[in-house]
Amino acid sequence: MTGAGRRPTAVDIVIVNWNTGDYLRECLHSIARTDRSELSVGLVVVVDNASSDDSARALDVPGLRLRVIRNGRNRGFAAACNQGALLCDADYLLFLNPDTRLYPDTLRAAGAFLRTEAARRVGICGARIVDAEGRTAISCSRFPTLRVVLGGMTGLYRPFPGLFPPHHLRADDIPSGRSVDQVIGAFYLVRRPLFVELGGFDERYFLYFEEVDFALRASRFGWASYFLADARVYHAEHVSSDKTGGRGLGHLLCSRTLYAFRYWPRRDARVLVALTLLVELPGRLARGGLRRSRSEIKDTAVAYREFVRWLLRSNRRMLTV
């Protein structure tokens, strides 16, 4: 118990792994070392999406109740998160990337906030993501709109941020904790009853945008996303995605388009498809050419080939309705 006989809030942790090597073990050890006096850790579920690097072997960590699920194929991030969440029964679910490390006070800061009056209508909490030097990295973002995406494609968000708001909030924008549109999925703390009520993550997103979709659905039920400025989490970033090459970018394009057709005016979603093929693709190829990077050009070609196949195979009806 904590304080005057209070029981700490309980959280179960779900980690989806795909070829993250020693990062996963370091993540688990950081959970074991963190202060759990305000947020007690029950079950830690590692869902391995058919890794080929043995990263999910021999994971026993003293002080953690660990369950490892090994999938025979890569089911995608959203589906694997849902798979792990089915084993959990704590007050909260924490979806944690395997290439993250908690600080000694991360869960204490999160748990302390959850006891405040301000947390009553907060359904999702995110942490201050930091890099190896301790500098604030991308931690929260605006919900994507056509203007937000167009600004990112063309760089117009730099000279005209009023017309083309940047997708990600800068460190200067978030000096203290507050409600935001969405928090980054590397540390994604969710009320479990809310997760169950919304049916978990939408498994049509194989990779990327599943947490954006979830945050938007939660907001429509009156639940806010909150940035925890005092809860720091180190994130190595791109440990798995760098190994996917063009396939990772392809998943991003597909997920972004799926999100647009779900939530944007249909005209805006169709404009996004046109911009993706007629503006973004030439821009990526030109950038690769200027850098003389054959791998970048190849990855771009692979990504857009998969994107076009996805449009034709799965979304012909969606695009014409």
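Nothing fancy with the numbering, it's 1 onward along the sequence.
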J.: Strictly under 6.0 Å, is that where the ring centroids of H251 and Y208 end up?
T.: no
J.: Give a yes or no on whether N74 atom CG has more than 12 heavy-atom contacts from other residues, nucleotides or ligands under 6.0 Å away.
T.: yes
J.: Which residues pass the ring pair (Phe, Tyr, Trp, His ring centres under 6.0 Å) test with F209, sequence neighbours left out?
T.: Y259
J.: Do T136 and R128 have a side chain donor and acceptor closer than 3.5 Å?
T.: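 R128 and T136 do have a side-chain donor-acceptor pair below 3.5 Å.
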J.: Restricting to side chain to side chain donor-acceptor pair (under 3.5 Å), what partner residues turn up for S295, sequence neighbours left out?
T.: S293
J.: With side chain to side chain contact (heavy atoms under 4.5 Å, CB included) as the test, pick out the partner of L43 among L66, L87, V14.
T.: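 Of L66, L87, V14, side chain to side chain contact (heavy atoms under 4.5 Å, CB included) with L43 is met by L87 alone.
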J.: Assess whether a salt bridge exists between E306 and R247, defined as any Lys/Arg side-chain N lying under 4.0 Å from an Asp/Glu carboxylate O.
T.: no
J.: Please name the pair of heavy atoms, one in I297 and one in G289, separated by the smallest distance, quoted to 0.1 Å.
T.: CD1-N, 3.9 Å
J.: Between R192 and D12 (salt bridge meaning N to carboxylate O under 4.0 Å), is one present in this structure?
T.: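 No.
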J.: Run Y263 and F143 through side chain to side chain contact (heavy atoms under 4.5 Å, CB included) and show every step you take.
T.: CA-CA 10 Å; Y263 299 113; F143 285 132; over 6 Å; no
J.: I'd like to know whether the aromatic ring centres of F195 and F95 sit less than 6.0 Å apart in this structure.
T.: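 Between F95 and F195, which both carry aromatic rings, the centre distance is below 6.0 Å.
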J.: Regarding R178 and Y226, do their side chains bring together a donor and an acceptor under 3.5 Å, going by distance alone?
T.: no
J.: For L107, is there any backbone N or O sitting under 3.5 Å from a side-chain donor or acceptor partner on D35?
T.: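 Answer holds: no.
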J.: Would you please name every residue forming a ring pair (Phe, Tyr, Trp, His ring centres under 6.0 Å) with Y103, sequence neighbours left out?
T.: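 Y103 satisfies ring pair (Phe, Tyr, Trp, His ring centres under 6.0 Å) with no residue once adjacent residues are dropped.
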J.: Take atom CZ in R67; do more than 12 heavy atoms of anything else shown fall under 6.0 Å from it?
T.: no
J.: Do NZ/NE/NH1/NH2 and the carboxylate oxygens of R204 and D202 come within less than 4.0 Å?
T.: yes
